[in-house]
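Letters A, B, ... are given to chains in the order of the sequence lines, protein chains preceding strands, and every chain is numbered from 1. This structure is a prediction, so every number in the text was calculated from the model and none was measured.
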Number of protein chains: 2
Amino acid sequence: MEEAREVINELLVEIFHRILAIENEGLRQQGVSLSMSEVHVLEAISLVEEPSMTNIAQKIGITVGSLTTAINTLYQKKYVTRKYDPSDRRKVLIALEPIALEALQKHDDFHQRMIDAIFEDLHLAEDEVLIQSLKKVSGYFKKW
Amino acid sequence: MEEAREVINELLVEIFHRILAIENEGLRQQGVSLSMSEVHVLEAISLVEEPSMTNIAQKIGITVGSLTTAINTLYQKKYVTRKYDPSDRRKVLIALEPIALEALQKHDDFHQRMIDAIFEDLHLAEDEVLIQSLKKVSGYFKKW
DNA sequence: TCAAATATTTTGAACTTCAAACAATGGTAT
DNA sequence: ATACCATTGTTTGAAGTTCAAAATATTTGA
């Protein structure tokens with residue numbers, strides 16, 4: 001049990017930082033001139049049901065004010081457009097431009113390759129215990 | 001196999017951000033007036049064999065210039081001291097003050113409690129497959 | 001209608017980081 | 001020794017991220 005704790009702690013502390021760096025690197029290599037946080041915003045826009053500022057900000061976990069500045073630069077870079085919700089004109093709905101979809105696709109591909117590499121290189125077992133445990137941990141943090 | 005990939009991808013994408021937020025929150029609650037990045041610097045100092053600027057920066061993955069500014073504020077806050085290596089006066093060796101050790105202890109305690117909660121709440125098995133797999137993934141990213 | 005609630009933007013500040021320029025010390029080759 | 005290059009750190013200027021608080025616009029409900 002002690003060992004399992006140590007390993008998980010290590011994952012939490014060190015590996016996550018490493019992964020962020022890897023992701024940033026991956027973006028640069030693919031000629032995507034966006035930061036990880038910007039990609040994160042685009043990702044949230046594509047995932048959220050109704051892409052209003054509040055919904056997107058909540059999905060990411062930042063304030064709406066912070067999101068506004070992020071969207072401002074993404075708008076300048078032509079990655080997103082704004083329009084007002086006709087049924088509630090207080091709301092601003094964000095839409096992804098084609099170039100944004102391309103960037104997301106590239107990012108997804110990178111992720112896929114990274115995960116493929118992990119599985120191939122490590123010969124990870126298709127083990128029920130592993131999968132179930134990871135699902136538990138994942139679900140746990142989602143609801144924290 | 002497909003499911004395992006999805007779960008790992010999810011861990012990488014979403015949970016990571018959540019954990020960072022949780023850690024920041026944990027610090028505030030314990031009355032530690034340091035940011036996560038500052039704690040990260042202190043952690044690196046305590047872990048690295050020879051706490052020179054270059055070694056610490058490398059451990060964290062930032063430039064030495066960035067580390068200098070971080071150390072400047074930690075020095076002002078009395079968390080660290082600087083001294084020159086007598087055998088190579090180009091080197092600056094950083095030492096932790098008692099208050100820094102306290103802060104690290106609090107942070108470790110928080111981590112421990114978080115991990116305890118995970119194990120208790122999720123009834124994670126002390127399973128060899130899980131532990132070995134996590135160790136593999138952890139080691140894999142360390143060397144990426 | 002008018003006040004309260006909701007949605008977003010603006011502004012000012014703090015923090016993190018980098019790259020490039022600069023300074024000092026150490027090592028090496030002639 | 002001297003000259004030069006490499007190593008180690010610091011400073012500086014700029015960019016990016018984030019927040020809180022104030023301001024603006026719209027909707028809703030009494």
Asks: Starting at CZ of A:R82 and ending at C1' of C:dT8, how long is that distance when rounded to a whole Å?
Replies: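 Whole-Å distance recorded here is 9 Å.
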
Asks: Nearest whole angstrom, please: distance from the P of C:dT8 to the CG of A:D85.
Replies: 9 Å

Asks: Starting from the 5' end of DNA chain D, give me the residue, B:T54 or A:A70, whose nearest nucleotide shows up first.
Replies: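 This one resolves to B:T54.
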
Asks: What is the distance from atom NZ of B:K91 to atom OH of B:Y84, rounded to the nearest 0.5 Å?
Replies: 14.5 Å

Asks: Between A:I45 and A:V41, does the side-chain contact (heavy atoms from CB on, under 4.5 Å) criterion hold? Intermediate values first, please.
Replies: CA-CA 6 Å; A:I45 294 169; A:V41 170; 3.9 Å; yes

Asks: Select base, sugar-phosphate, or nothing to describe what B:S66 touches, counting heavy atoms under 4.0 Å on all strands.
Replies: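 It contacts base atoms.
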
Asks: Between C:dT16 atom C1' and B:L42 atom CG, what is the distance in whole Å?
Replies: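 After rounding, the reported distance stands at 15 Å.
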
Asks: Between A:M36 and A:R90, name the one whose nearest nucleotide on DNA chain D is closer to the 5' end.
Replies: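 In this pair, the answer is A:M36.
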
Asks: Taking it one step at a time, do A:Q105 and A:D109 satisfy side-chain hydrogen bond (donor to acceptor under 3.5 Å, both in side chains)?
Replies: CA-CA 6 Å; A:Q105 187 59 54; A:D109 291 348; 3.0 Å; yes

Asks: Rounded to whole angstroms, how far apart are CE on B:M53 and C1' on C:dA23?
Replies: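 Those two atoms, CE and C1', are 15 Å apart.
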
Asks: Looking across every strand, which nucleic acid part, if any, lies under 4.0 Å from A:T69 by heavy atom: base, sugar-phosphate, or nothing?
Replies: base

Asks: For B:Q58 and C:dT17, give me the distance from atom CD to atom C1', rounded to whole Å.
Replies: 17 Å

Asks: What is the distance from atom CG of A:L104 to atom NE2 of A:H107, rounded to the nearest 0.5 Å?
Replies: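 A:L104 atom CG to A:H107 atom NE2 measures 8.5 Å (nearest 0.5 Å).
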
Asks: Once you round to the nearest 0.5 Å, how far does OH of A:Y79 lie from CG of A:L34?
Replies: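 If I round to the nearest 0.5 Å, the distance is 4.0 Å.
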
Asks: Using whole Å, report how far CD1 of B:I62 lies from C1' of C:dC15.
Replies: 13 Å

Asks: Contact boundaries of DNA chain D with chain A (under 4.0 Å, heavy atoms), 5' to 3'?
Replies: D:dT17 to D:dT27

Asks: When you check the side-chain N and O atoms of B:N55 and B:S52, is any donor under 3.5 Å from an acceptor?
Replies: yes

Asks: So what does B:V92 touch, heavy atoms closer than 4.0 Å: a base, only the sugar-phosphate, or nothing?
Replies: sugar-phosphate

Asks: Under the criterion salt bridge (charged side-chain N to carboxylate O under 4.0 Å, His left out), I'd like the reasoning laid out for A:E43 against A:K59: C-alpha separation, chi angles, the key distance, then a yes or no.
Replies: CA-CA 10 Å; A:E43 228 164 13; A:K59 182 83 180 175; over 6 Å; no

Asks: I need the CD1-C1' distance between B:I60 and C:dC15, as an integer number of Å.
Replies: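 The answer, rounded to whole Å, is 15 Å.
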
Asks: Starting at CD1 of B:I71 and ending at P of C:dT16, how long is that distance when rounded to a whole Å?
Replies: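 Roughly 12 Å, once rounded to whole Å.
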
Asks: Quick one: label A:T68 by what it contacts on the DNA or RNA (base, sugar-phosphate, nothing), any heavy atom closer than 4.0 Å.
Replies: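 Counting heavy atoms under 4.0 Å across all strands, the contact made by A:T68 includes a base.
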
